[in-house]
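To start, the structure under review is shown below, and the notes come after it.
On a predicted model such as this, the values are computed, not experimentally measured, just so you know. Below, chains carry the letters A, B, ... as their sequence lines are ordered, and counting in each starts from 1.
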Amino acid sequence: MSEEIRVGVFVCDCGSNIAGFVDVPGVVEYAKTLPDVAFADEGRWSCSVDYLSKLQNAVKEQKLNRVVIASCTPRTHEPLFKNSVREAGLNPYLLEFVSIREQVSWVHMHDREAATLKAKEMVKMGVAKARLLEEGHEIQLPVGQDAMIIGGGIAGMNAALAVAKQGFKAYLVERKPELGGLLKELAVISGEHGEMTAADILKERVSQVEADPNVTVYTDCVIEAVEGYIGNYKVKLKLNGGSDQNVDLNISTIVVATGMEEIAPEGLFLYGEDERVITLLQLEKKLKENAVSGVGDTVFISCVNSKNEQRGCCNIGCHVSVKDAVALKKANPDSKVYICYRDMSLIREEHFAIDAAKQAGVKFLRFPDAKYPEVSKVDGRLMVKVQDILSGREFELPADLLVLATAFKGNETVQDIKGQLKVSASADGFFQERHIKLGPVDFAADGLALAGCAKSPKTFKESCEESLAAAMRVSIPMANGHIEAEGIVADIDLTDCTKCGLCAKKCPYGAIRVNENKEPAVIKALCKGCGLCAADCPSNSIQIVHFSDEQILAAVEAALEDNPEKKILGFICHWCAHGGVDMAGVSRLQYPPVGRMIRVMCSARVSIKMIERAFELGAAGVLVAGCEFPTCHYISGNYECEKRINRAKKKLAKKGYDVDKLWLTWCSAADGPKYANTMRDMAKQLGLS
Amino acid sequence: MNDAILIIGAGVAGINCALNAAEYGTKVYLVDDTPSIGGMMARLDKTFPTNDCSICIEAPQMYEVDNHPNIEILSNTEVRKVKKADGGFKIRLVKKARFVDEDVCTGCGACVEACPVTLPDEMDGKIGGTRKLIHMPFPQAVPNVVVMDPDCRFGRMQDKGACVGGCVVDCSQCRECPIALCLKACQKEGKDAIKLWMGNKNIDIEVNSIVVATGIMDAKPGEGLHGYGLLENVITNMEFERLMNAGGPTAGQIIRPSDGKHAHNIAWLQCAGRGLATGVPYCSKVCCMIAAKQVIITKEHDASVKATVLYNDLKAYGKGFWDFYRKAVDQGVRYVKGRPYYVSEDQETKDLTIRYEDLESGEIKEEEYDMVVLSMGLVAADRNKKLAKVLNLELNELGYFKEKDPFLAPLETNVEGIYLCGGATGPIDISESVVQATAAGIKAVTAR
């Protein structure tokens, strides 16, 4: 690109919010002296409609091809200015945002001179980076309208129907000969709203699935291989129990609804030794087959194999136990039915079910966490010895049937699917969702969704809701016909690439794939732009659009050109750490004006080279600030950053730098005080205040 | 046919429903009757079971909503009338007077600084939180504009001595408040965003379907429950949440309301008020994990703080919840299966004594604490009743919206084209709200 660089700098007064504490005209005059700056202007309210049109005119009339906005914070206002320059005909990636309100005027209110100097230098850093900015483009990847749903239980069937309703094709893949999953083994589904026979639900759903022309069902089917990514999955199925017939599918998106199974409580409470000791699921089968008349006294024991070192609450055991206890009592009014429990984990209105069960004659005994009931055989009869903390007494309960509410695990296909889809699962074989709160039915990679008991044990209703949610997540790209990534993406130059494969291994989104020659390539539409790969690449072969090494280093150099020994150079992640910085600003927390911060999307973008460069140039200290654990907007960037900083410290120490001058902080978006304190402490320790 | 949808309530459920529907390509009207989107989650410090910072993960979604071309946010707005028409709905919305021009205000805060009247904050009052008559709902509010207390405009502050300068004019009859320091401050900044004379505004829209995401409320303790309201250092779990929030009124300092000193020995009373006439009649699902979160964060703030949880049944129903509880135990938190009877106060030190029954030993015990946190449950939002009428929906006896067929048609209502998600359906956690919001989203965008 040989075009002349013409940078426009727009400095905002924000009424008196900035202008009251910073000599804005001075900053504007200073900006005009910076290399390649063709235009600089002061705006009273830069975000106002009239000023934005003035800005757009300036872009056109002055032929500006780079824009620096010095105002509030990019976290809230960058989209507005990006749109504005886009409308003026400029690629929005040629805009750089400098935060002189939250990072200057609001936090250095009592030192106009220092605040003005900092604002000037931040504009200088912005201009230095802006000069090197290149156009970025949103990247689209076409996505067709074919979804594969793995697992033909209630979640899978619901997801298939919801997908098919929109006219998309749904391929429902079930390894067993029939649809239905766990539901096939259950008698009655109950909830706070009432009861329904499982067989009725199943019949209704299966007939709907079979009648839907957009749903293709493959039962008795093994998934041989899955290759590719969203929009491009190639799937090989083997039919008839994996014997002869093959089916090849081209698939756009995938829903995993593989369900769960009981962990057999071998060796516990005589299970496996005495056939009168059964699991909840085995009891459900008996209830379903109406094989419970004549069952004598029954004892339930809850939390078997649960709530221990290995695993937590099974979520459904209490609910099912109470329901089944009532059913047994109804079938055999003269039998005694006891539930021995640790915590009665009935939630919401289901709690009323306990009262109903008590009324039906079910007895509840609560044993201490550390003292489970003991089961023995006395004269051929089962005997359950239990300490009840409610009455403070010990009971010996003779039983003809002992029912264990035992733990669950993901079903046996989990290991295969993990490998095929490159996703992770827990020790118990439950799949890992993207984010426990805000990404509950997503996998890390786009186009892959998760529903029902494949994630963790769920009630029937929860599974139904999740299956609809998962259907929505895969339907969005299918309805749009594509996915689109922001222009901030990784770009690999193979010239110096050593084909080590580290980038592909490290990418949390599976956006980097290596070909048969071991050459990595970025599937740009899948890339989220965190920059982890670029910072870790041993041959410096990866660049991130808008956050290239060159651009970031230019900002580092601009920041440290004058009096570097008096400055802390900082790298702050866009999400939480920048949120904390902004919060300190909004809260008007005052701290020493010695910091010069560079925004990166993720703390994982910060390479050792960048830190080293700052020390080389004589920075008094370097701060890297990322999201507080466990929050990371790129799944695990902050963890990767922490590892890298430890490596950086070793390397810097070897080169003779004082590693105590390299600080790392994890800051939540609410934690303004933490950021302000970090700046104060750091300035103090480094002798800057 | 109009394929827009209306989402009522812009908490985490409404926001996620909106983002999904908008990404799908549907036009969304996102309505909230408060001045900012964000709902309850925006006020929380952390989320269980990972201790993710609540606003850290919600604010980016709020900004995304704000910038999404398919989403129109209508804050401070109520749904007044809904009529079935042309296979969809005709809707009359009322945008309540904010006394601030949303298009002009930049949220700079000059008016807030100028406002001379400081009041206890509705949510944080008990723990020292204050706000001005004109204020920003919270720092990350979207839209990021201030709102004026209607009480200020309608003269209701006069008898509280709030009107400075001894003005005697009836405000409701006065177009030009002679005081209005906020207005002057705004004009001085070169803006004229404050509109002292602003009425409610009707907005008529047509949509294809409606999602009710009106959320849930934290239950308020009944009069004198475990001394609440009488004893200064008895607070609710929501108040404690605000106390430990770095963005809250104490900047994250866990201090006692009575003397502002750090609390060193705190008890959490689970199921507070449950089963009482004034209490919540059911298990609210989330309180056990809220307590686990709060004790862990308390320990992280200061490991020397003693934390005790008196609980009944531990609800660790979700993924990772049990490990979260174990983490609390590993950090030295004392969990006691106990039934509290009575909390009393030392009038001088304001320290508290709890009399309770230890369920495992059956003994009655008395223990001293310097702060007591009542784990209050969740109750149906008070807006549900009015809204149910407007939407022609049924509520169950607990005040939540009724589903037509929870098993076969989850989240659907007795009115075709109206769907439910989140706290509108009952006590629920964030992740379940997001699941339901996404599920309601697909129903709404594929409704007809």
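Contact of B/Asp52 with chain A is made through backbone and side chain together, with heavy-atom distances under 4.5 Å. Contacts between A/Lys165 and chain B at a heavy-atom distance below 4.5 Å involve the side chain alone, from C-beta outward. Of the two parts of A/Pro673, only the side chain, counted from C-beta on, holds a non-hydrogen atom closer than 4.5 Å to a non-hydrogen atom of chain B. In this structure, chain A has a heavy atom under 4.5 Å from the side chain of B/Arg274, while its backbone stays farther away. Interface remark: B/Val142 contributes no atoms to any contact with chain A (heavy atom separation under 4.5 Å). With a 4.5 angstrom heavy-atom cutoff, A/Asn480 touches chain B only via side-chain atoms. Heavy-atom distances place no part of A/Asp200 under 4.5 Å from chain B, backbone and side chain included. For chain B, the nearby part of A/Arg366 is the side chain; its heavy atoms alone come within less than 4.5 Å. Contacts of B/Glu113 with chain A are made by side-chain atoms alone, with heavy-atom separations under 4.5 Å and no backbone atom involved. Within the 4.5 angstrom heavy-atom criterion, atoms from both the backbone and the side chain of B/Glu360 approach chain A. Of the two parts of A/Gln166, only the side chain, counted from C-beta on, holds a non-hydrogen atom closer than 4.5 Å to a non-hydrogen atom of chain B. Contact annotation for B/Lys402: neither backbone nor side-chain heavy atoms come within less than 4.5 Å of a heavy atom of chain A. Contacts of B/Asn20 with chain A are made by both backbone and side-chain atoms, with heavy-atom separations under 4.5 Å. Heavy atoms of B/Tyr63 lying under 4.5 Å from chain A belong exclusively to its side chain. Contact annotation for B/Val104: neither backbone nor side-chain heavy atoms come within less than 4.5 Å of a heavy atom of chain A. Within the 4.5 angstrom heavy-atom criterion, only side-chain atoms of A/Met583, from C-beta onward, approach chain B. Only the backbone of A/Glu195 comes within contact range of chain B, with heavy atoms under 4.5 Å apart. Interface remark: A/Asp13 contributes no atoms to any contact with chain B (heavy atom separation under 4.5 Å).
When A/Ser190, A/Ala451, A/Ala470, A/Cys318 are compared by the number of non-hydrogen pairs under 4.5 Å with chain B, A/Ser190 comes out ahead. For chain B, the option among A/Lys455, A/Glu462, A/Lys674 with the highest count of heavy-atom pairs below 4.5 Å is A/Lys455. Ranking A/Arg342, A/Lys458, A/Met478 against chain B, the residue ahead of the rest is A/Arg342, based on heavy-atom pairs under 4.5 Å. Comparing B/Phe48, B/Phe321, B/Phe324 by how many heavy-atom pairs each has under 4.5 Å with chain A, the most go to B/Phe48. Contact count versus chain B (heavy atoms, under 4.5 Å) is highest, among A/Glu466, A/Lys307, A/Arg205, for A/Lys307. When B/Lys188, B/Gln140, B/Lys191 are compared by the number of non-hydrogen pairs under 4.5 Å with chain A, B/Lys191 comes out ahead. Contact count versus chain A (heavy atoms, under 4.5 Å) is highest, among B/Gly247, B/Cys56, B/Ala316, B/Ser433, for B/Cys56. Ranked by heavy-atom pairs under 4.5 Å with chain A, the list B/Ile55, B/Thr50, B/Ile428 is led by B/Thr50. Chosen from B/Gly25, B/Gly362, B/Pro60, B/Ala21, the residue pairing most often with chain A at heavy-atom distances under 4.5 Å is B/Pro60. Options A/Val586, A/Val441, A/Leu346 differ in how many heavy-atom pairs under 4.5 Å they form with chain B, and the most are formed by A/Leu346. Between chain B and the options A/His574, A/Glu433, A/Arg101, the largest number of non-hydrogen pairs under 4.5 Å is found for A/Glu433. When each of B/Ile430, B/Val286, B/Asp66 is scored by its heavy-atom pairs under 4.5 Å with chain A, the top score falls to B/Ile430.
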Criterion side chain to side chain contact (heavy atoms under 4.5 Å, CB included) on B/Tyr24 and B/Thr446, from CA distance to verdict: CA-CA 10 Å; B/Tyr24 191 88; B/Thr446 61; 4.0 Å; yes

Worked verdict on B/Val65 versus B/Gln61 for side chain to side chain contact (heavy atoms under 4.5 Å, CB included): CA-CA 6 Å; B/Val65 165; B/Gln61 288 201 325; 5.6 Å; no

Candidate pair B/Lys337 and B/Asp313, rule salt bridge (Lys or Arg N to Asp or Glu O under 4.0 Å), full reasoning: CA-CA 8 Å; B/Lys337 288 195 179 89; B/Asp313 288 289; over 6 Å; no

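Checked by atom type and distance alone, the side chain of B/Ser54 never pairs as donor or acceptor with a backbone atom of B/Thr47 at under 3.5 Å. Looking only at distances, no side-chain donor or acceptor of B/Tyr419 sits under 3.5 Å from a matching main-chain atom of B/Leu411. Of the possible polar contacts, none joining the B/Gln270 side chain to the B/Val309 backbone as a donor-acceptor pair under 3.5 Å is found.
Under the side chain to side chain donor-acceptor pair (under 3.5 Å) criterion, B/Asn312 pairs with no residue at all, not counting sequence neighbours.
Annotation for B/Lys404: atom NZ does not count as buried by contact number, only 12 or fewer foreign heavy atoms lying within 6.0 Å. Counting non-hydrogen atoms of other residues, nucleotides and ligands closer than 6.0 Å to CZ of B/Arg339 gives a total of 12 or fewer.
With salt bridges taken as basic N to acidic carboxylate O contacts below 4.0 Å, one links B/Glu241 and B/Lys293. A salt bridge between B/Lys46 and B/Glu300 is absent, with no side-chain N of the basic residue lying under 4.0 Å from a carboxylate O of the acidic one. Using a 4.0 Å cut-off between charged nitrogen and carboxylate oxygen, B/Lys443 and B/Glu412 count as a salt-bridge pair.
Note that CG of A/Asn308 and CZ of B/Arg326 are 7.5 Å apart. Values are rounded to the nearest 0.5 Å. Distance check: A/Leu161 CG to A/Leu468 CG gives 9.5 Å after rounding to the nearest 0.5 Å. With rounding to the nearest 0.5 Å, the separation of CG in A/Asp582 from OG in A/Ser587 is 10.0 Å.
Taking the six-membered ring for Trp and the full ring otherwise, A/Phe352 and B/Tyr282 have centroids separated by 6.0 Å or more.
The aromatic rings of A/Trp575 and A/His633 lie parallel to each other, with less than 30° between the two planes, well short of the 60° mark.
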